[in-house]
There are 2 protein chains.
Amino acid sequence: MGQKGDALRQRIIAAADQLFYEQGYENTSFSDIANAVNISRGNFYFYFKSKNDILSAVLSARLDDVRAMLEEWETLYPAPKLRIIHYIDILTTNQSNVTKHGCPIGSLCTELVKLSHDMQSQATSIFALFCHWLTAQFFQLGQKRNARRLAMHLLARGQGIASIANAFNDAKFLQREVKSLKIWLDEVTQD
Amino acid sequence: MGQKGDALRQRIIAAADQLFYEQGYENTSFSDIANAVNISRGNFYFYFKSKNDILSAVLSARLDDVRAMLEEWETLYPAPKLRIIHYIDILTTNQSNVTKHGCPIGSLCTELVKLSHDMQSQATSIFALFCHWLTAQFFQLGQKRNARRLAMHLLARGQGIASIANAFNDAKFLQREVKSLKIWLDEVTQD
DNA sequence: GTCTATATAATGATAGAC
DNA sequence: GTCTATCATTATATAGAC
(Lines give C-alpha, C1' and ligand atoms only; values in the text may rest on other atoms or scores of the structure.)
Protein backbone atom coordinates (compact mmCIF):
# COMPACT_ATOMS: atom_id res chain seq x y z
CA MET A 1 0.00 0.00 0.00
CA GLY A 2 1.28 3.45 -0.93
CA GLN A 3 2.11 6.17 1.53
CA LYS A 4 -0.66 8.46 0.36
CA GLY A 5 -3.14 5.66 0.76
CA ASP A 6 -2.06 4.97 4.32
CA ALA A 7 -2.31 8.64 5.21
CA LEU A 8 -5.83 8.83 3.78
CA ARG A 9 -6.76 5.67 5.62
CA GLN A 10 -5.67 7.30 8.86
CA ARG A 11 -7.62 10.45 8.03
CA ILE A 12 -10.76 8.40 7.40
CA ILE A 13 -10.35 6.61 10.73
CA ALA A 14 -9.86 9.92 12.54
CA ALA A 15 -12.92 11.46 10.88
CA ALA A 16 -15.08 8.42 11.62
CA ASP A 17 -13.85 8.41 15.21
CA GLN A 18 -14.86 12.02 15.69
CA LEU A 19 -18.26 11.59 13.99
CA PHE A 20 -19.09 8.45 15.96
CA TYR A 21 -18.32 10.42 19.10
CA GLU A 22 -20.35 13.49 18.14
CA GLN A 23 -23.38 11.93 16.45
CA GLY A 24 -23.26 8.29 17.44
CA TYR A 25 -22.32 5.24 15.39
CA GLU A 26 -25.64 4.35 13.78
CA ASN A 27 -26.50 7.95 13.07
CA THR A 28 -23.26 8.41 11.12
CA SER A 29 -23.48 7.34 7.47
CA PHE A 30 -20.77 6.55 4.94
CA SER A 31 -21.68 9.82 3.24
CA ASP A 32 -20.99 11.72 6.46
CA ILE A 33 -17.53 10.22 6.81
CA ALA A 34 -16.71 10.54 3.10
CA ASN A 35 -17.78 14.19 3.11
CA ALA A 36 -15.67 14.90 6.18
CA VAL A 37 -12.52 13.86 4.33
CA ASN A 38 -13.69 15.07 0.89
CA ILE A 39 -13.75 11.76 -0.93
CA SER A 40 -16.51 9.91 -2.74
CA ARG A 41 -18.45 7.08 -1.22
CA GLY A 42 -16.95 4.74 -3.80
CA ASN A 43 -13.43 5.59 -2.73
CA PHE A 44 -14.39 5.03 0.86
CA TYR A 45 -15.14 1.39 0.06
CA PHE A 46 -11.63 0.97 -1.25
CA TYR A 47 -10.37 1.38 2.31
CA PHE A 48 -13.20 -0.13 4.34
CA LYS A 49 -15.49 -2.68 2.77
CA SER A 50 -18.20 -2.53 5.43
CA LYS A 51 -19.41 -0.47 8.36
CA ASN A 52 -18.13 -3.17 10.68
CA ASP A 53 -14.69 -2.64 9.18
CA ILE A 54 -14.52 1.07 9.88
CA LEU A 55 -15.91 0.62 13.38
CA SER A 56 -13.35 -2.07 14.09
CA ALA A 57 -10.57 0.19 12.82
CA VAL A 58 -11.77 3.06 15.00
CA LEU A 59 -11.92 0.83 18.07
CA SER A 60 -8.45 -0.58 17.39
CA ALA A 61 -7.06 2.93 17.03
CA ARG A 62 -8.68 4.00 20.28
CA LEU A 63 -7.33 0.96 22.11
CA ASP A 64 -3.84 1.68 20.78
CA ASP A 65 -4.10 5.33 21.79
CA VAL A 66 -5.17 4.47 25.32
CA ARG A 67 -2.43 1.86 25.63
CA ALA A 68 0.19 4.35 24.42
CA MET A 69 -1.09 7.01 26.82
CA LEU A 70 -0.98 4.68 29.82
CA GLU A 71 2.52 3.49 28.92
CA GLU A 72 3.64 7.08 28.62
CA TRP A 73 2.24 7.84 32.05
CA GLU A 74 4.14 4.89 33.49
CA THR A 75 7.42 6.44 32.38
CA LEU A 76 6.51 10.09 33.03
CA TYR A 77 5.03 9.73 36.52
CA PRO A 78 6.81 7.44 38.98
CA ALA A 79 4.15 7.61 41.69
CA PRO A 80 1.01 5.48 41.12
CA LYS A 81 -1.13 8.04 42.89
CA LEU A 82 -0.03 10.75 40.50
CA ARG A 83 -0.95 8.48 37.61
CA ILE A 84 -4.43 7.97 39.01
CA ILE A 85 -4.79 11.73 39.41
CA HIS A 86 -3.92 12.10 35.75
CA TYR A 87 -6.59 9.56 34.93
CA ILE A 88 -9.16 11.55 36.89
CA ASP A 89 -8.00 14.73 35.17
CA ILE A 90 -8.99 13.34 31.77
CA LEU A 91 -12.44 14.63 32.68
CA THR A 92 -11.29 18.21 33.26
CA THR A 93 -8.80 18.20 30.37
CA ASN A 94 -11.59 17.20 27.98
CA GLN A 95 -14.34 18.96 29.87
CA SER A 96 -15.74 20.75 26.85
CA ASN A 97 -16.06 17.54 24.83
CA VAL A 98 -17.35 15.57 27.78
CA THR A 99 -20.17 18.00 28.48
CA LYS A 100 -21.03 18.18 24.78
CA HIS A 101 -20.77 14.52 23.84
CA GLY A 102 -20.20 12.46 26.99
CA CYS A 103 -17.49 9.84 27.35
CA PRO A 104 -16.32 8.57 23.94
CA ILE A 105 -15.96 5.00 25.16
CA GLY A 106 -18.94 4.91 27.49
CA SER A 107 -21.43 6.34 25.03
CA LEU A 108 -20.24 3.99 22.29
CA CYS A 109 -20.50 0.97 24.59
CA THR A 110 -24.03 2.00 25.54
CA GLU A 111 -24.99 2.23 21.88
CA LEU A 112 -23.36 -1.01 20.75
CA VAL A 113 -24.96 -3.00 23.57
CA LYS A 114 -28.39 -1.82 22.42
CA LEU A 115 -27.56 -2.72 18.83
CA SER A 116 -26.39 -6.18 19.97
CA HIS A 117 -23.40 -5.33 17.80
CA ASP A 118 -20.56 -7.75 17.09
CA MET A 119 -17.94 -5.15 18.03
CA GLN A 120 -19.45 -4.69 21.48
CA SER A 121 -16.72 -6.71 23.18
CA GLN A 122 -14.03 -4.77 21.32
CA ALA A 123 -15.50 -1.57 22.76
CA THR A 124 -15.69 -2.85 26.33
CA SER A 125 -12.11 -4.09 26.06
CA ILE A 126 -11.04 -0.43 26.18
CA PHE A 127 -12.85 -0.13 29.50
CA ALA A 128 -11.19 -3.36 30.56
CA LEU A 129 -7.78 -1.91 29.74
CA PHE A 130 -8.40 1.14 31.93
CA CYS A 131 -9.75 -1.13 34.64
CA HIS A 132 -6.73 -3.41 34.52
CA TRP A 133 -4.31 -0.49 34.59
CA LEU A 134 -6.10 1.23 37.47
CA THR A 135 -6.13 -2.04 39.40
CA ALA A 136 -2.35 -2.23 39.03
CA GLN A 137 -1.98 1.33 40.31
CA PHE A 138 -4.11 0.71 43.40
CA PHE A 139 -2.22 -2.50 43.99
CA GLN A 140 1.07 -0.61 43.95
CA LEU A 141 -0.44 1.81 46.44
CA GLY A 142 -0.80 -1.03 48.90
CA GLN A 143 -4.48 -1.75 48.32
CA LYS A 144 -3.72 -5.35 47.46
CA ARG A 145 -7.11 -6.75 48.38
CA ASN A 146 -9.33 -3.92 47.20
CA ALA A 147 -7.41 -2.88 44.10
CA ARG A 148 -9.89 -4.15 41.56
CA ARG A 149 -12.89 -2.95 43.49
CA LEU A 150 -11.43 0.54 43.77
CA ALA A 151 -10.57 0.54 40.06
CA MET A 152 -14.09 -0.36 39.01
CA HIS A 153 -15.51 2.14 41.45
CA LEU A 154 -13.38 4.90 39.96
CA LEU A 155 -14.34 3.82 36.44
CA ALA A 156 -18.03 4.02 37.36
CA ARG A 157 -17.66 7.39 39.06
CA GLY A 158 -16.09 8.78 35.90
CA GLN A 159 -18.90 7.40 33.75
CA GLY A 160 -21.55 8.84 36.04
CA ILE A 161 -19.93 12.26 35.99
CA ALA A 162 -19.67 12.23 32.20
CA SER A 163 -23.29 11.10 31.77
CA ILE A 164 -24.79 13.74 34.03
CA ALA A 165 -22.49 16.53 32.82
CA ASN A 166 -23.56 15.60 29.31
CA ALA A 167 -27.29 15.34 30.02
CA PHE A 168 -27.41 18.67 31.86
CA ASN A 169 -24.60 20.25 29.82
CA ASP A 170 -23.07 21.24 33.15
CA ALA A 171 -19.31 21.79 33.28
CA LYS A 172 -19.41 23.18 36.81
CA PHE A 173 -20.89 19.93 38.08
CA LEU A 174 -18.07 18.07 36.37
CA GLN A 175 -15.44 20.20 38.10
CA ARG A 176 -17.14 19.81 41.46
CA GLU A 177 -17.27 16.04 41.13
CA VAL A 178 -13.65 15.80 40.00
CA LYS A 179 -12.65 17.60 43.21
CA SER A 180 -14.72 15.20 45.29
CA LEU A 181 -13.15 12.28 43.41
CA LYS A 182 -9.67 13.47 44.36
CA ILE A 183 -10.73 13.77 48.00
CA TRP A 184 -11.98 10.19 47.76
CA LEU A 185 -8.60 9.16 46.37
CA ASP A 186 -6.84 10.83 49.29
CA GLU A 187 -9.04 9.07 51.82
CA VAL A 188 -8.57 5.73 50.16
CA THR A 189 -4.80 5.89 49.75
CA GLN A 190 -3.74 7.21 53.14
CA ASP A 191 -3.03 4.24 55.32
CA MET B 1 -62.05 8.60 20.96
CA GLY B 2 -63.40 5.15 21.79
CA GLN B 3 -62.28 3.02 24.68
CA LYS B 4 -60.69 0.38 22.51
CA GLY B 5 -58.68 3.06 20.72
CA ASP B 6 -57.38 4.45 23.97
CA ALA B 7 -56.37 1.01 25.19
CA LEU B 8 -54.51 0.30 21.96
CA ARG B 9 -52.82 3.67 22.17
CA GLN B 10 -51.54 2.76 25.62
CA ARG B 11 -50.35 -0.61 24.38
CA ILE B 12 -48.43 1.06 21.57
CA ILE B 13 -46.78 3.46 24.00
CA ALA B 14 -45.81 0.60 26.32
CA ALA B 15 -44.37 -1.43 23.45
CA ALA B 16 -42.42 1.55 22.08
CA ASP B 17 -41.11 2.32 25.56
CA GLN B 18 -39.79 -1.20 25.98
CA LEU B 19 -38.26 -1.33 22.50
CA PHE B 20 -36.57 2.06 22.87
CA TYR B 21 -35.09 0.77 26.10
CA GLU B 22 -33.91 -2.55 24.71
CA GLN B 23 -32.70 -1.57 21.23
CA GLY B 24 -32.39 2.20 21.34
CA TYR B 25 -34.63 4.85 19.81
CA GLU B 26 -33.12 5.19 16.34
CA ASN B 27 -32.65 1.48 15.95
CA THR B 28 -36.36 0.89 16.59
CA SER B 29 -38.56 1.22 13.49
CA PHE B 30 -42.29 1.68 13.15
CA SER B 31 -42.47 -1.89 11.91
CA ASP B 32 -40.85 -3.10 15.13
CA ILE B 33 -43.42 -1.32 17.26
CA ALA B 34 -46.34 -2.28 15.02
CA ASN B 35 -45.26 -5.92 15.05
CA ALA B 36 -44.96 -5.89 18.83
CA VAL B 37 -48.65 -5.00 19.19
CA ASN B 38 -49.79 -6.94 16.08
CA ILE B 39 -51.10 -4.04 14.05
CA SER B 40 -50.21 -2.76 10.60
CA ARG B 41 -47.92 0.22 10.00
CA GLY B 42 -50.85 2.09 8.52
CA ASN B 43 -52.86 1.70 11.69
CA PHE B 44 -49.88 2.85 13.69
CA TYR B 45 -50.01 6.20 11.92
CA PHE B 46 -53.60 6.61 13.00
CA TYR B 47 -52.36 6.98 16.59
CA PHE B 48 -48.99 8.63 16.10
CA LYS B 49 -48.32 10.68 13.00
CA SER B 50 -44.55 10.88 13.35
CA LYS B 51 -41.65 9.31 15.22
CA ASN B 52 -41.39 12.48 17.24
CA ASP B 53 -44.97 11.92 18.37
CA ILE B 54 -44.42 8.42 19.70
CA LEU B 55 -41.18 9.46 21.40
CA SER B 56 -42.91 12.40 23.02
CA ALA B 57 -45.72 10.14 24.22
CA VAL B 58 -43.24 7.66 25.66
CA LEU B 59 -41.35 10.42 27.47
CA SER B 60 -44.56 11.91 28.86
CA ALA B 61 -45.65 8.51 30.11
CA ARG B 62 -42.29 7.95 31.78
CA LEU B 63 -42.41 11.35 33.43
CA ASP B 64 -45.90 10.65 34.73
CA ASP B 65 -44.83 7.25 36.03
CA VAL B 66 -41.84 8.69 37.87
CA ARG B 67 -43.96 11.49 39.32
CA ALA B 68 -46.58 9.00 40.51
CA MET B 69 -43.92 6.76 42.03
CA LEU B 70 -42.29 9.61 43.94
CA GLU B 71 -45.65 10.85 45.21
CA GLU B 72 -46.48 7.36 46.39
CA TRP B 73 -43.18 7.18 48.25
CA GLU B 74 -43.96 10.46 49.95
CA THR B 75 -47.10 8.96 51.47
CA LEU B 76 -45.74 5.45 52.08
CA TYR B 77 -42.44 6.37 53.73
CA PRO B 78 -42.46 9.18 56.27
CA ALA B 79 -38.68 9.37 56.68
CA PRO B 80 -36.72 11.14 53.90
CA LYS B 81 -33.77 8.82 54.39
CA LEU B 82 -35.95 5.78 53.79
CA ARG B 83 -37.18 7.40 50.59
CA ILE B 84 -33.63 7.92 49.39
CA ILE B 85 -32.84 4.29 50.19
CA HIS B 86 -35.79 3.28 48.04
CA TYR B 87 -34.40 5.44 45.25
CA ILE B 88 -31.04 3.68 45.51
CA ASP B 89 -32.79 0.32 45.53
CA ILE B 90 -34.25 0.96 42.09
CA LEU B 91 -30.90 -0.36 40.87
CA THR B 92 -31.20 -3.67 42.71
CA THR B 93 -34.94 -4.04 42.07
CA ASN B 94 -34.32 -3.71 38.33
CA GLN B 95 -30.90 -5.28 38.40
CA SER B 96 -31.56 -7.69 35.55
CA ASN B 97 -32.80 -4.96 33.21
CA VAL B 98 -30.07 -2.54 34.27
CA THR B 99 -27.27 -4.98 33.51
CA LYS B 100 -28.89 -5.93 30.20
CA HIS B 101 -29.94 -2.50 28.94
CA GLY B 102 -28.54 0.16 31.29
CA CYS B 103 -30.61 2.99 32.76
CA PRO B 104 -33.74 3.65 30.64
CA ILE B 105 -33.50 7.40 31.12
CA GLY B 106 -29.74 7.75 31.02
CA SER B 107 -29.23 5.70 27.87
CA LEU B 108 -32.03 7.55 26.10
CA CYS B 109 -30.59 10.94 27.10
CA THR B 110 -27.18 9.86 25.81
CA GLU B 111 -28.71 8.86 22.48
CA LEU B 112 -30.89 11.94 22.04
CA VAL B 113 -28.02 14.32 22.79
CA LYS B 114 -26.00 12.71 20.00
CA LEU B 115 -28.94 12.97 17.62
CA SER B 116 -29.38 16.65 18.55
CA HIS B 117 -32.99 15.62 18.95
CA ASP B 118 -35.80 18.05 19.73
CA MET B 119 -37.08 15.86 22.55
CA GLN B 120 -33.72 15.95 24.33
CA SER B 121 -34.94 18.45 26.93
CA GLN B 122 -38.04 16.37 27.56
CA ALA B 123 -35.80 13.42 28.34
CA THR B 124 -33.50 15.33 30.67
CA SER B 125 -36.55 16.73 32.48
CA ILE B 126 -37.07 13.25 33.93
CA PHE B 127 -33.57 13.46 35.37
CA ALA B 128 -34.42 16.94 36.60
CA LEU B 129 -37.49 15.61 38.39
CA PHE B 130 -35.43 12.99 40.23
CA CYS B 131 -32.83 15.64 41.01
CA HIS B 132 -35.43 18.06 42.37
CA TRP B 133 -37.06 15.38 44.48
CA LEU B 134 -33.75 14.11 45.88
CA THR B 135 -32.75 17.68 46.69
CA ALA B 136 -35.93 18.06 48.73
CA GLN B 137 -35.19 14.84 50.63
CA PHE B 138 -31.64 15.89 51.52
CA PHE B 139 -32.95 19.28 52.53
CA GLN B 140 -35.41 17.66 54.92
CA LEU B 141 -32.52 15.64 56.32
CA GLY B 142 -30.90 18.89 57.40
CA GLN B 143 -28.45 19.22 54.53
CA LYS B 144 -29.82 22.67 53.67
CA ARG B 145 -26.70 23.97 51.96
CA ASN B 146 -25.52 20.80 50.23
CA ALA B 147 -28.87 19.32 49.32
CA ARG B 148 -28.62 19.92 45.59
CA ARG B 149 -25.00 18.90 45.42
CA LEU B 150 -25.73 15.64 47.19
CA ALA B 151 -28.71 14.99 44.93
CA MET B 152 -26.67 15.42 41.75
CA HIS B 153 -23.87 13.34 43.20
CA LEU B 154 -26.28 10.50 43.92
CA LEU B 155 -27.80 10.83 40.47
CA ALA B 156 -24.35 10.54 38.90
CA ARG B 157 -23.36 7.59 41.05
CA GLY B 158 -26.45 5.74 39.90
CA GLN B 159 -25.69 6.49 36.26
CA GLY B 160 -22.10 5.33 36.62
CA ILE B 161 -23.15 2.09 38.26
CA ALA B 162 -25.73 1.42 35.53
CA SER B 163 -23.25 2.19 32.73
CA ILE B 164 -20.49 -0.07 34.01
CA ALA B 165 -22.85 -2.86 35.07
CA ASN B 166 -24.29 -2.70 31.56
CA ALA B 167 -20.94 -2.56 29.72
CA PHE B 168 -19.49 -5.48 31.68
CA ASN B 169 -22.83 -7.24 32.18
CA ASP B 170 -21.87 -7.46 35.84
CA ALA B 171 -24.68 -7.71 38.38
CA LYS B 172 -22.29 -8.41 41.26
CA PHE B 173 -20.58 -5.10 40.68
CA LEU B 174 -23.97 -3.40 40.81
CA GLN B 175 -24.79 -4.99 44.16
CA ARG B 176 -21.39 -4.08 45.57
CA GLU B 177 -21.78 -0.45 44.52
CA VAL B 178 -25.30 -0.18 45.88
CA LYS B 179 -23.96 -1.26 49.27
CA SER B 180 -21.22 1.34 49.10
CA LEU B 181 -23.79 3.95 48.10
CA LYS B 182 -25.84 3.19 51.22
CA ILE B 183 -22.72 3.53 53.37
CA TRP B 184 -22.13 6.91 51.72
CA LEU B 185 -25.71 7.88 52.58
CA ASP B 186 -25.14 6.92 56.22
CA GLU B 187 -21.98 8.99 56.41
CA VAL B 188 -23.59 11.98 54.80
CA THR B 189 -26.78 11.99 56.87
CA GLN B 190 -25.40 11.43 60.37
CA ASP B 191 -24.73 14.83 61.89
C1' DG C 1 -60.37 2.11 13.09
C1' DT C 2 -57.95 -0.95 10.37
C1' DC C 3 -56.00 -2.40 6.39
C1' DT C 4 -53.27 -2.57 1.69
C1' DA C 5 -50.77 -0.27 -1.43
C1' DT C 6 -47.59 3.32 -2.63
C1' DA C 7 -44.44 7.56 -2.68
C1' DT C 8 -40.06 9.18 -1.38
C1' DA C 9 -35.68 9.49 0.61
C1' DA C 10 -31.56 7.54 2.57
C1' DT C 11 -28.47 3.84 3.49
C1' DG C 12 -25.09 0.07 2.95
C1' DA C 13 -22.93 -1.98 -0.72
C1' DT C 14 -21.26 -3.31 -5.74
C1' DA C 15 -19.57 -2.77 -10.62
C1' DG C 16 -16.90 -0.84 -13.64
C1' DA C 17 -14.73 3.32 -16.18
C1' DC C 18 -10.62 6.11 -15.82
C1' DG D 1 -6.58 5.03 -6.17
C1' DT D 2 -10.39 7.63 -7.35
C1' DC D 3 -14.45 8.40 -9.43
C1' DT D 4 -19.49 7.89 -11.32
C1' DA D 5 -23.27 5.22 -11.77
C1' DT D 6 -26.28 1.79 -9.96
C1' DC D 7 -28.65 -1.90 -7.00
C1' DA D 8 -31.12 -3.66 -3.13
C1' DT D 9 -33.00 -2.71 1.12
C1' DT D 10 -35.10 -0.24 4.61
C1' DA D 11 -37.37 3.66 6.77
C1' DT D 12 -40.59 7.39 7.37
C1' DA D 13 -44.70 8.83 5.77
C1' DT D 14 -49.14 9.26 2.78
C1' DA D 15 -53.46 7.93 0.16
C1' DG D 16 -57.26 5.65 -0.13
C1' DA D 17 -60.24 1.26 0.11
C1' DC D 18 -63.08 -1.22 3.43
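Residue numbers begin at 1 in each chain, while the letters A, B, ... track the order of the sequences. All values reported here derive from a predicted model rather than from experimental measurement.
The distance from atom CZ of B:Phe48 to atom P of D:dA11 is 19 Å, rounded to the nearest whole Å. To the nearest angstrom, P of D:dT10 lies 12 Å from CG of B:Asp32. Going from atom CZ of B:Phe46 over to atom P of C:dG1 covers 5 Å, rounded to whole Å. One interatomic measurement links the two molecules: CD1 of B:Ile54 to C1' of D:dT12, which rounds to 14 Å at whole-angstrom precision. The OH atom of B:Tyr47 sits 18 Å away from the C1' atom of D:dA13 (whole-angstrom rounding). D:dG1 atom C1' lies 17 Å from atom CD of A:Gln10, rounded to whole Å. What separates CG of B:Asn38 from P of C:dT2 is a distance of 13 Å, to the nearest Å.
Residue pairs meeting the ring pair (Phe, Tyr, Trp, His ring centres under 6.0 Å) criterion with at least one partner in residues 144-182 of chain A, sequence neighbours excluded, are A:His153-A:Trp184. Residue pairs meeting the ring pair (Phe, Tyr, Trp, His ring centres under 6.0 Å) criterion with at least one member in residues 89-116 of chain A, sequence neighbours excluded, are A:Tyr21-A:His101.
An OP1 or OP2 oxygen of D:dC3 is reached within less than 4.0 angstrom by a side-chain nitrogen or oxygen of A:Asn43.
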Side-chain donor-acceptor distances from residues 160-167 of chain A under 3.5 Å, at least two apart:
| from | atom 1 | to | atom 2 | distance (Å) |
| --- | --- | --- | --- | --- |
| A:Ser163 | OG | A:Gln159 | O | 3.0 |
| A:Asn166 | ND2 | A:Thr99 | O | 3.0 |
| A:Asn166 | ND2 | A:Lys100 | O | 3.1 |

Donor-acceptor list for residues 133-141 of chain A side chains, cut-off 3.5 Å, not counting sequence neighbours:
| from | atom 1 | to | atom 2 | distance (Å) |
| --- | --- | --- | --- | --- |
| A:Trp133 | NE1 | A:Glu74 | OE2 | 2.8 |
| A:Thr135 | OG1 | A:Cys131 | O | 2.6 |
| A:Gln137 | OE1 | A:Arg83 | NH1 | 2.8 |
| A:Gln137 | NE2 | A:Glu74 | OE2 | 3.0 |
| A:Gln137 | NE2 | A:Trp133 | O | 3.4 |

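A:Phe127 meets the ring pair (Phe, Tyr, Trp, His ring centres under 6.0 Å) test with no other residue; sequence neighbours excluded.
Separation of atoms NZ (A:Lys179) and CD1 (A:Ile88) is listed at 14.0 Å; rounding is to 0.5 Å.
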Atom pairs under 3.5 Å: protein N/O with N/O of nucleotides 12-16 of chain C:
| from | atom 1 | to | atom 2 | distance (Å) |
| --- | --- | --- | --- | --- |
| C:dG12 | OP1 | A:Lys51 | NZ | 3.1 |
| C:dG12 | OP2 | A:Phe30 | N | 3.0 |
| C:dA13 | OP2 | A:Lys51 | N | 2.9 |
| C:dA13 | N7 | A:Tyr45 | OH | 3.2 |

